[in-house]
Amino acid sequence: MTTTQLNQLTHRLNQINDLSKGEVGQNRLVYSPTWIAAQQQIIQWGLDLGFQGTVDDFGTAYLDIPGKTNPEQVIATGSHVDTVKQGGRFDGLYGVLGGLQALERLLDDNGQPSKTLRLISFSEEEGSRFPETFTGSKHYTGQPINLAMRDPDGISFDAARRAAVSKLDRPGVSHNLPALPVTFTELHIEQGPRLIDHHLQIGLVTSIVGQRRFTVTVKGIANHAGTTPMNDRADALQMAVDLISDLRKNARQVDPQLTFTVGEFHVSPNTSNVIPGRVDFTIDTRHEKEAVLDQFEQILHQVVETPRSSKITSSVNRWAKSDATQLDQAMLARNQTIADHLGFKSSQLASGAGHDSQIMAQMTRTTMIFVPSINGISHAPDENTSQADLERGVTLLTESLHQQAY
């Protein structure tokens, strides 16, 4: 990739990220004003390059370079445009704009491809606003979505979806659900320390871990902090702390590689002089083996639902589940050959984060390319990747798409 092309990628990344200027990190939650502005800009860039634009009912954008001999065979790349709250500059967006850069370079250097090249900017992957993940790729692959689910402000997914998608209309943009591609390649930052710690430049993803997300609700009795004896309390917060401690120990005993994260915590009434009457907290757990996740989920229910006090109840609800996924071995081997030919130091590894690729892999041949994350940081404002590594990822993606589509 030339210096001019790299500068263009950086400029586009900055232009989208500047939509959250003045905020802590990136906040492109699905169907929010910044999400709408980002998706509008990505669509416009594609149209300006002469790509054919399509938007589906969930707001995913598809930008095509039609093939001249086999247009029905679609070679796709892309990622998601949404972020977590206070997220980083590259998660998802790099795969979209790096894909755009690769397609633009292929068109400039080689002209029209034999097969159709497609860039996909998925509407949502993170599950940060509504209690479901991967709604963009799930809709594309025909999986059902709960349109009645609501965000913390009580806005329904369906209402937010309709309002946002109505603002993505552009002259020349069609509105339908395109046919699935024959391959899908997702370029992404690693979101972990393995590549950077081992001085590697490229990660070639073999599989994606399964993950499950739960909400645990503990109900006690709110009461006066000064007049209620310690032995007569129904303290929901203390019970929640005990549960978290026990569950963490159990997770470690099931498998040291099983991740266990309590990321969201709500206390009610959340007042210094009142014993908490209710606590809700989330659990995110991940592993590459479904059997391990099944085992821990059984333990989770046992620990949470076994009564510990006559005055306190606790329950658990699983609201997100994605299975461990093996990616395409032939595409992996192709990318390994390309990386070796380009002289990039690479490694094959499993992804500890969820991606749209694990949804796409259920329906089409799918692979992923990782570039290093500085200090292994992701889902945070300090998320960063060097310019040289951004360039290597796009270069590898470009050659991979070239071999598939020309």
Counting distance only, does the side-chain N/O of T385 pair as donor-acceptor with the main-chain N or O of L390 below 3.5 Å?
-> no
How about Q253 and N250: do any of their side-chain heavy atoms sit closer than 4.5 Å?
-> yes
Dump the intermediate steps for side-chain contact (heavy atoms from CB on, under 4.5 Å) on T282 and R213, then the final yes or no.
-> CA-CA 7 Å; T282 60; R213 297 184 190 180; over 6 Å; no
Establish, from distance only, whether the side-chain atoms of T10 and Q387 form a donor-acceptor pair under 3.5 Å.
-> yes
Got more than 12 heavy atoms from elsewhere within 6.0 Å of CG, D340?
-> yes
Donor-acceptor pair, S314 side chain versus E305 backbone, under 3.5 Å?
-> no
Give a yes or no on whether the backbone of T135 and the side-chain of E132 come within a donor-acceptor separation of less than 3.5 Å.
-> no
Does a donor on one side chain and an acceptor on the other come within less than 3.5 Å for E391 and T395?
-> no
Can you tell me if S32 uses its side chain to pair, donor with acceptor, with the backbone of L29 under 3.5 Å?
-> yes
Under the ring-ring contact (aromatic ring centres under 6.0 Å, His included) test, residues paired with F90 that sit two or more places apart | none
A361 to T325 - nearest heavy-atom pair and separation = CB-CG2, 3.6 Å
One should read off an interatomic distance between F344 CZ and Q336 CD, to the nearest 0.5 angstrom, of 12.5 Å
Any donor and acceptor pair, going by atom type alone, linking the side chain of N375 with main-chain N or O of I377 inside 3.5 Å?
-> no
Is the count of non-hydrogen atoms from other residues, nucleotides or ligands lying under 6.0 Å from Q403 atom CD greater than 12?
-> yes
Could you give the distance from CD (E190) to CD1 (I369), rounded to the nearest 0.5 Å?
-> 14.0 Å
Salt-bridge contact D246-R308 (side-chain N to carboxylate O under 4.0 Å) = yes
For S137 and D356, test the side chains for any donor-to-acceptor distance below 3.5 angstrom and give the result as yes or no.
-> yes
Go through E383 and R89 one step at a time and tell me if the salt bridge (charged side-chain N to carboxylate O under 4.0 Å, His left out) criterion holds.
-> CA-CA 7 Å; E383 175 182 278; R89 297 173 56 82; over 6 Å; no
Below 4.5 Å, heavy atoms only, C-beta onward: do L97 and L9 meet side chain to side chain?
-> yes
The single option from R318, R212, K321 passing salt bridge (charged side-chain N to carboxylate O under 4.0 Å, His left out) against D294 = R212
L103 vs L401 side-chain heavy atoms within contact, under 4.5 Å = yes
Below 4.5 Å, heavy atoms only, C-beta onward: do T83 and S128 meet side chain to side chain?
-> no
Which distance, rounded to the nearest 0.5 Å, do you find between the OG1 of T183 and the CE of M360?
-> 9.0 Å
The reported gap from CZ in R28 to CD1 in I36 (rounded to nearest 0.5 angstrom) is 13.5 Å
Are D64 and R118 within salt-bridge range, i.e. N to O under 4.0 Å?
-> yes
Is the H80-F122 ring centre distance short of 6.0 angstrom?
-> no
Where do I145 and F58 come nearest, in terms of heavy atoms and distance?
-> CG1-CE2, 3.6 Å
Pair F157 + Y31: ring centers closer than 6.0 Å = yes
Rounded to the nearest 0.5 Å, how far apart are CG of L119 and CD of Q101?
-> 11.0 Å
Step through the shown structure and confirm whether more than 12 heavy atoms of other residues, nucleotides or ligands are within 6.0 Å of NE2 on H198.
-> no
Q40 side chain to L168 main-chain N or O, any donor-acceptor pair under 3.5 Å?
-> no
Given side-chain contact (heavy atoms from CB on, under 4.5 Å), test V216 with D280 step by step and report yes or no.
-> CA-CA 6 Å; V216 175; D280 297 274; over 6 Å; no
For residues L49 and L107, determine if any side-chain heavy atom of one lies less than 4.5 Å from a side-chain heavy atom of the other.
-> no
Closest approach of V218 to F281 (non-hydrogen atoms, all atoms of both residues) | CG2-CE2, 4.3 Å
Under 4.5 Å between any side-chain heavy atoms of P71 and K115, yes or no?
-> no
Quick one: closest heavy-atom pair of E124 and F134, and the distance?
-> OE1-N, 3.3 Å
Evaluate the criterion salt bridge (charged side-chain N to carboxylate O under 4.0 Å, His left out) for residue pair R105 and D108; output intermediate values, then yes/no.
-> CA-CA 5 Å; R105 177 180 174 183; D108 288 345; over 6 Å; no
Would K167 and D169 pass as an ion pair if we require N to O under 4.0 Å?
-> no
Say whether, by atom type as modelled, one donor and one acceptor occur between the side chain of D91 and the main chain of I189 under 3.5 angstrom.
-> no
Could you check if a side-chain atom of I42 sits within less than 4.5 angstrom of a side-chain atom of Q39, using non-hydrogen atoms only?
-> yes
Does the pair E104/R12 count as a salt bridge with the N-to-O cut at 4.0 Å?
-> yes
Side-chain donor or acceptor of D235 paired with backbone N/O of L237 under 3.5 Å = yes
Flag yes if more than 12 heavy atoms outside K289 fall under 6.0 Å of its NZ atom; otherwise flag no.
-> no
May I have the step-by-step check of side-chain contact (heavy atoms from CB on, under 4.5 Å) for H402 and E399, ending in yes or no?
-> CA-CA 5 Å; H402 180 263; E399 180 56 31; 4.1 Å; yes
Enter the distance from L200:CG to F370:CZ here, rounded to the nearest 0.5 Å.
-> 13.0 Å
Would you check if the side chain of T367 reaches a backbone N or O of D328 as a donor-acceptor pair within less than 3.5 Å?
-> no
So, S174 versus T54: side-chain donor-acceptor pair below 3.5 Å or not?
-> yes
A225 and V274: which non-hydrogen atoms are nearest, and at how many Å?
-> CB-N, 4.0 Å
In terms of side-chain heavy atoms, does E186 have a donor or acceptor partner in S79 at a distance below 3.5 Å?
-> yes
What do you reckon, are the aromatic ring centroids of Y140 and Y62 less than 6.0 Å apart?
-> yes
List the steps, then state whether side-chain hydrogen bond (donor to acceptor under 3.5 Å, both in side chains) holds for S351 with H355.
-> CA-CA 9 Å; S351 172; H355 300 283; 3.0 Å; yes
Taking every non-hydrogen atom, the tightest pair across S123 and V81 | O-CG1, 4.0 Å
Is any side-chain heavy atom of E125 less than 4.5 Å from a side-chain heavy atom of T133?
-> no
Between H139 and Q143, do the side chains contain an N or O donor and an N or O acceptor separated by less than 3.5 Å?
-> no
Does S268 offer a backbone N or O that forms a donor-acceptor pair with the side chain of R278 under 3.5 Å?
-> no
Would you check if there is a donor-acceptor pair between the side chains of D389 and S386 at a distance under 3.5 Å?
-> yes
Carefully, step by step, assess D255 and F296 under the rule side-chain contact (heavy atoms from CB on, under 4.5 Å).
-> CA-CA 9 Å; D255 190 314; F296 180 73; over 6 Å; no
